[in-house]
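Worth knowing before you read on, the calculation uses all heavy atoms, side chains too, and leaves out hydrogens, waters and symmetry mates. Convention: sequence-line order gives letters A, B, ...; per-chain numbering from 1. Only a predicted model underlies this, so the values are computations on that prediction, with no experimental measurement involved.
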2 protein chains.
Amino acid sequence: METVDCLPPKAFRNRHRNSTETVTHILKKKGVRVTQNRVDLLDILNDAQHPLNQKDIEERLSVKPDRVTLYRNLRFFVDHKIIHKIEVNDSLTSYSLNRTFIEEEHSEEHLHFYCSVCHKVICMPQLSIKEYDLPEGFSQQSSKLIVNGICNICNEEKQEI
Amino acid sequence: METVDCLPPKAFRNRHRNSTETVTHILKKKGVRVTQNRVDLLDILNDAQHPLNQKDIEERLSVKPDRVTLYRNLRFFVDHKIIHKIEVNDSLTSYSLNRTFIEEEHSEEHLHFYCSVCHKVICMPQLSIKEYDLPEGFSQQSSKLIVNGICNICNEEKQEI
DNA sequence: AAACATATGCAACATTGTTGCATATGTAAA
DNA sequence: TTTACATATGCAACAATGTTGCATATGTTT
């Protein structure tokens with residue numbers, strides 16, 4: 001079972017003043033090259049409070065690398081399990097830092113919430129995906145659960161109107 | 001909560017000799033135009049024992065309509081809730097006839113299994129998606145659960161080797 | 001500082017989704 | 001059955017995203 005944990009634990013968030021340091025540490029630990037593009041990309045994902053899609057990331061990059069480079073680095077990080085890919089729907093894929101890698105602790109596969117109003121993806125590591133009794137002969141490798149709905153912030157705004 | 005039921009109930013499968021008749025009936029009941037393209041498309045989905053992707057469908061069509069027409073009709077049927085769209089992952093979308101529409105009965109949203117060996121999507125209407133207690137303020141509209149693994153047939157074949 | 005493996009940018013192409021528009025076809029009314 | 005009209009279709013074209021090959025730039029190790 002693949003492990004996923006996309007929200008920064010509080011302890012972790014406060015411990016590191018300098019995101020770039022942390023991110024560089026991750027890359028070195030993994031034994032891959034530390035380049036500006038990669039550090040920038042991971043910095044952004046490290047700072048994010050929820051998963052970001054490729055556009056979100058591009059918007060936040062001060063120095064924009066070639067589209068292909070960003071694409072390749074995202075794939076590279078996914079392959080190296082440094083970031084986690086969340087396929088929300090046909091046309092939306094989000095990415096988040098895989099913090100289990102840093103924390104050396106494991107969390108179950110969990111639910112991802114997609115707000116149909118603000119289109120944010122919200123990671124809910126506290127909600128593990130429940131088990132299902134598959135029919136005889138079927139074996140499970142991984143699972144993904146996307147819940148569509150309205151998030152707390154958009155629900156509040158709706159009330160105010 | 002959207003209702004989904006992709007596998008033909010046995011009673012239903014045996015009742016109709018002529019798929020085209022059934023399919024024409026569906027279109028008429030919905031009050032939309034009955035065209036050859038649409039009947040062919042629904043025929044294929046009606047005959048299928050598991051959800052099909054656009055390529056699967058194209059392969060089975062004896063008379064191939066324009067790519068755009070197939071695309072438009074798939075979207076049209078999804079909008080009219082005649083077929084159900086299953087977004088398996090980034091690059092794979094499958095479609096299945098929405099039999100709840102014919103049967104006038106409802107089933108909960110359920111699990112879809114994706115076999116990583118044969119790449120088939122298998123519908124498991126007997127496994128309803130379990131409920132989750134979302135955090136305060138979040139409301140749920142729909143959900144989708146894709147379980148990746150190895151299906152019964154591919155597991156059997158693995159044993160034989 | 002040199003040597004080498006790898007990351008990057010660029011050009012190019014593939015796939016899928018999408019729109020506009022002229023023509024063909026299904027359907028309902030005469 | 002024919003006519004009239006709304007809608008479905010095919011075609012051309014374009015957008016977004018994913019992907020590869022290759023020359024050049026950069027990082028890492030010695």
Undergrad: Tell me who clusters with A:Val117, hydrophobic residues only, linked when side chains sit under 4.5 Å apart either directly or through other members.
TA: A:Ile150
Undergrad: Applying ring pair (Phe, Tyr, Trp, His ring centres under 6.0 Å), name anything that partners A:Phe138, two or more places apart in sequence or on another chain.
TA: B:Phe113
Undergrad: Might you list the N or O atoms of the protein lying below 3.5 Å from N or O atoms in nucleotides 6-9 of chain C, with each pair's distance?
TA:
residue : atom : partner : partner atom : Å
C:dT6   : O4'  : A:Arg33 : NH1          : 3.4
C:dT6   : O4'  : A:Arg33 : NH2          : 3.1
C:dT6   : O2   : A:Arg33 : NH1          : 3.2
C:dA7   : OP1  : A:Arg38 : NH1          : 3.2
C:dA7   : OP1  : A:Arg38 : NH2          : 3.0
C:dA7   : O5'  : A:Arg38 : NH2          : 3.1
C:dT8   : OP1  : A:Thr35 : OG1          : 2.9
C:dT8   : OP1  : A:Asn37 : ND2          : 3.0
C:dT8   : OP2  : A:Asn73 : OD1          : 3.0
C:dT8   : OP2  : A:Asn73 : ND2          : 2.9
C:dG9   : OP2  : A:Asp66 : N            : 3.0
C:dG9   : OP2  : A:Thr69 : OG1          : 2.7
C:dG9   : N7   : A:Arg72 : NH2          : 3.2
C:dG9   : O6   : A:Arg72 : NH2          : 2.6

Undergrad: Residues in salt bridge (charged side-chain N to carboxylate O under 4.0 Å, His left out) with B:Asp90, at least two apart?
TA: A:Lys85
Undergrad: Of A:Lys55 and A:Arg75, whose nearest nucleotide on DNA chain D comes first from the 5' end?
TA: A:Lys55
Undergrad: For A:Tyr95, which residues count as a side chain to side chain donor-acceptor pair (under 3.5 Å) partner, sequence neighbours excluded?
TA: none
Undergrad: Are B:Glu109 and B:Lys144 ion-paired here, with the side-chain N under 4.0 Å from a carboxylate O?
TA: no
Undergrad: Is the distance from OP1 or OP2 of D:dG18 to the nearest side-chain N or O of A:Gln54 less than 4.0 Å?
TA: yes
Undergrad: Measure from OH on B:Tyr95 to P on C:dT16 and round the result to the nearest Å.
TA: 11 Å
Undergrad: Measure from CG on B:Asn53 to C1' on C:dG17 and round the result to the nearest Å.
TA: 16 Å
Undergrad: Please tabulate, one pair per line, all N/O donor-acceptor pairs under 3.5 Å involving side-chain atoms of residues 54-61 of chain B, not counting sequence neighbours.
TA:
residue : atom : partner : partner atom : Å
B:Asp56 : OD2  : B:Asn53 : N            : 3.0
B:Asp56 : OD2  : B:Asn53 : ND2          : 3.4
B:Arg60 : NE   : B:Asp56 : O            : 3.4

Undergrad: Starting at atom CG of B:Asp40, determine the distance to atom P of C:dG26, rounded to an integer number of angstrom.
TA: 12 Å
